[in-house]
A.B. asks: 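The structure under discussion is supplied below as structure tokens; questions concerning it will follow.
Owing to the predicted nature of the structure, the values given are computational and were not obtained by experimental measurement.
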Amino acid sequence: MRPLSPLGMATLGSGVIAITYGLARFVFGLFLPAMRDELTISPSMAGVIGALPFLSFVFAILAATWVIRRLGIRRTGVAAAGLAGVGLTTIALAPSSLVLAAGVLICGISTGLSSPVMAEAVHRVVPSWVLRGRVNATINAGTSLGIALAMPAVLIWAEAWRSAYLGFAALAALGTLAALCYLPRDGQRPSASRPRPAALPVSRSQWLGIARLSGLAVGMGGVSAAYWVFAPDAVINAGGLAPSQTAWMWLAVGIGGLAGAGAGDLISRFGPAASHAAGLTVMSASLALLVVVPGNFALALASAALFGAGYMTLSGFYLVRSTQIMTEAPSFAPVLPLLATSVGQVAGSPLAGWLVGAEGHAATFLLFATLGLAVAGLGAWLLNERGAPGWNAP
């Protein structure tokens with residue numbers, strides 16, 4: 001096979017991320033109402049199950065750097081896409097909530113492996129530092145493509161969520177084959193002009209920069225969990241919209257999320273503090289807008305588009321900024337911020353489930369929106385230092 005070009009790497013990486021993040025992890029909330037009805041799942045139990053892919057993601061991403069060293073880029077990429085297929089198939093065939101939980105747990109493992117291995121592949125394939133930021137952000141925005149695919153799935157299969165998940169599993173099989181054929185072989189040298197050292201020294205200032213990103217990512221993850229798991233539930237049960245209408249919401253999330261492809265350029269132009277605050281403000285606005293009039297379809301679509309733009313910009317922000325700070329450790333750099341995002345989601349999902357059961361959707365979403373604004377303010381303070389590590393890394 002010919003070596004991948006930067007465009008080819010962006011295309012392949014976006015496809016793998018669309019499967020592992022978009023389909024295997026984040027469309028769960030879209031099908032949750034139908035799953036709850038068929039499998040008799042309470043709101044609290046739904047929140048716990050919704051937290052499981054975030055939890056397994058935590059363990060997988062912690063092991064990802066070691067796995068990449070042991071298996072290499074190609075085999076790790078194949079494992080990530082393949083596990084997504086296994087998890088999606090398990091969900092499709094689940095006879096009970098326990099088996100459903102096992103399926104979403106496996107899906108979270110695939111997600112945890114995919115981001116680090118794609119970041120490592122970009123380092124191998126793309127020679128330019130500036131171009132790497134764009135390619136990484138574009139790959140990260142692939143999540144939006146996977147989410148958007150859920151829209152025709154819901155329209156075609158309506159309440160038949162099992163058929164939708166079998167279709168997603170077939171796409172995961174194609175992604176596994178593409179990873180096997182096109183990801184860099186283990187012996188391919190990095191594209192950088194100098195070889196990477198065997199031991200990567202990480203300075204105190206670099207650790208501090210990653211720690212700041214990770215702390216903010218915990219808050220962002222917690223805020224986003226309410227939307228990912230309970231947004232469709234809110235407009236159906238509180239607003240009276242039809243389940244098929246939530247498919248259009250997820251299409252809006254996917255389309256809005258394409259804005260995340262510009263995260264690298266946004267950082268370069270406006271700096272990390274302003275970029276981060278803007279993303280969280282947009283996300284908070286999306287949560288509040290959803291419950292102002294939950295039965296208004298137009299407002300629901302606007303809310304979904306804003307959420308997609310805010311979330312994907314922020315996840316791209318953490319990915320690009322971490323690789324800018326630790327330029328010589330591309331597979332390890334995003335581990336802690338992405339891990340922190342999932343820690344927030346693990347905590348936020350059951351909390352949102354409990355609040356929905358106790359206080360209703362409106363109070364829950366408004367509380368999480370307020371939390372998002374608080375994290376935005378904290379980020380404006382922590383990141384507003386031009387001397388911070390990697391602020392304008394060459």
A.B. asks: Evaluate the side-chain proximity of Pro116 to Ile61: yes if any heavy-atom separation is below 4.5 Å, no if none is.
C.D. replies: yes
A.B. asks: Could you pull out all residues at least two apart from Asn140 that satisfy side chain to side chain donor-acceptor pair (under 3.5 Å)?
C.D. replies: Ser315
A.B. asks: Can you see which heavy atom on Ile210 is nearest to which on Pro337, and at what distance?
C.D. replies: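 The answer is CG2-CD, 4.2 Å.
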A.B. asks: Taking the side chain as C-beta and beyond, is there a heavy-atom pair between Ile267 and Gln324 under 4.5 Å?
C.D. replies: yes
A.B. asks: Search all heavy atoms of Ala24 against all heavy atoms of Leu88 and return the closest pair with its distance.
C.D. replies: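 Where Ala24 meets Leu88 most closely, the heavy atoms are CA-CD2, 3.9 Å.
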A.B. asks: Within this structure, what is the CG-CD1 distance for the pair Leu100 and Ile91, rounded to the nearest 0.5 Å?
C.D. replies: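 Leu100 CG to Ile91 CD1: 6.0 Å, rounded to 0.5 Å.
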A.B. asks: Under a 4.5 Å cut-off applied to non-hydrogen side-chain atoms, are Met312 and Val253 in contact?
C.D. replies: no
A.B. asks: For residues Leu12 and Leu183, report the shortest heavy-atom separation together with the two atoms involved.
C.D. replies: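 Nearest heavy atoms, Leu12 then Leu183: CD2-CD2, 3.7 Å.
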A.B. asks: Quick check on the 6.0 Å ring-centre criterion: do Phe168 and Tyr165 meet it?
C.D. replies: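 Yes, the ring centres sit under 6.0 Å apart.
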A.B. asks: Within the structure provided, determine whether His276 and Phe270 are in side-chain contact (heavy-atom separation under 4.5 Å).
C.D. replies: no
A.B. asks: Applying ring pair (Phe, Tyr, Trp, His ring centres under 6.0 Å) as the test, list every pair that has at least one member in residues 210-249; sequence neighbours left out.
C.D. replies: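 For residues 210-249, and leaving out neighbouring residues, the ring pair (Phe, Tyr, Trp, His ring centres under 6.0 Å) pairs sorted by first residue read Phe26-Trp228, Tyr227-Phe307, Trp228-Phe307, Trp228-Tyr311.
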A.B. asks: Write down the atom of Arg74, the atom of Ala179, and the distance for their closest heavy-atom approach.
C.D. replies: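 Taking Arg74 first and Ala179 second, the nearest heavy atoms are CG-O, 3.9 Å.
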A.B. asks: Under 3.5 Å, side chain of Thr138 to main-chain N/O of Ser14, donor-acceptor pair present?
C.D. replies: no
A.B. asks: For Ile17 and Thr20: C-alpha separation, side-chain torsions, deciding distance, then whether side-chain contact (heavy atoms from CB on, under 4.5 Å) applies.
C.D. replies: CA-CA 5 Å; Ile17 294 298; Thr20 59; 4.1 Å; yes
A.B. asks: Between Ser322 and Leu336, is the side-chain contact (heavy atoms from CB on, under 4.5 Å) condition met? List the steps.
C.D. replies: CA-CA 9 Å; Ser322 63; Leu336 292 181; over 6 Å; no
A.B. asks: Considering only heavy atoms from C-beta outward, does the side chain of Ile49 approach that of Ser97 to under 4.5 Å?
C.D. replies: yes
A.B. asks: Quick one: does any side-chain atom of Ser214 pair with a main-chain N or O of Ala340 as donor and acceptor, under 3.5 Å?
C.D. replies: no
A.B. asks: Assess the residue pair Phe57 and Gln345 against the criterion (side-chain contact (heavy atoms from CB on, under 4.5 Å)); give the C-alpha distance rounded to whole Å, side-chain angles, the decisive distance to 0.1 Å, and a yes or no.
C.D. replies: CA-CA 10 Å; Phe57 172 90; Gln345 289 167 331; over 6 Å; no
A.B. asks: Looking only at heavy atoms, what is the nearest atom pair of Ser114 and Thr111, with distance?
C.D. replies: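 Nearest heavy atoms, Ser114 then Thr111: OG-O, 2.9 Å.
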A.B. asks: Quick one: CG on Leu251 to OG on Ser144, what's the gap to the nearest 0.5 Å?
C.D. replies: 10.5 Å
A.B. asks: Is Thr323 close to Arg132 at the side-chain level, that is, under 4.5 Å between some pair of heavy atoms?
C.D. replies: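 Result no, sub-4.5 Å side-chain heavy-atom pair not found.
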A.B. asks: Is there a side-chain contact between Phe317 and Leu216, using heavy atoms and a 4.5 Å cut-off?
C.D. replies: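 Of all side-chain heavy-atom pairs linking Leu216 with Phe317, none is under 4.5 Å.
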A.B. asks: Heavy-atom count check: over 12 atoms from other residues, nucleotides or ligands less than 6.0 Å from Glu359 CD?
C.D. replies: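 No - once you tally the heavy atoms of other residues, nucleotides and ligands closer than 6.0 Å, there are 12 at most.
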A.B. asks: Kindly compute the distance separating CG (Leu83) from OG1 (Thr176), expressed to the nearest 0.5 Å.
C.D. replies: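 These two atoms lie 8.5 Å from each other.
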A.B. asks: Where do Ser303 and Ser286 come nearest, in terms of heavy atoms and distance?
C.D. replies: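 It is OG-O, 2.6 Å.
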A.B. asks: Between Ile325 and Leu213, does a side-chain contact (heavy atoms from CB on, under 4.5 Å) hold up when you go through it step by step?
C.D. replies: CA-CA 10 Å; Ile325 292 171; Leu213 287 182; 4.0 Å; yes
A.B. asks: If you count heavy atoms of other groups shown closer than 6.0 angstrom to CZ of Phe297, is the number above 12?
C.D. replies: yes
A.B. asks: Answer yes or no: is there a donor N or O on one side and an acceptor on the other, between the side chain of Arg25 and the main chain of Gly108, under 3.5 Å?
C.D. replies: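 Looks like no, no N/O pair under 3.5 Å.
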A.B. asks: Report the distance from atom NE2 of His361 to atom CG of Asn237, rounding to the nearest 0.5 Å.
C.D. replies: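 Output value for this atom pair is 5.5 Å.
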A.B. asks: Rounded at 0.5 Å granularity, tell me how far CG in Leu351 sits from CG in Leu371.
C.D. replies: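 Output value for this atom pair is 9.0 Å.
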A.B. asks: For the CD1 atom of Ile147 and the CD1 atom of Ile255, what is their distance to the nearest 0.5 Å?
C.D. replies: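 Reported value, rounded in 0.5 Å steps: 11.5 Å.
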A.B. asks: Is any side-chain heavy atom of Ser224 closer than 4.5 Å to one of Met283?
C.D. replies: yes
A.B. asks: Quick one: does Arg134's side chain have a donor or acceptor within less than 3.5 Å of a partner on Ala261's backbone?
C.D. replies: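 Answer holds: no.
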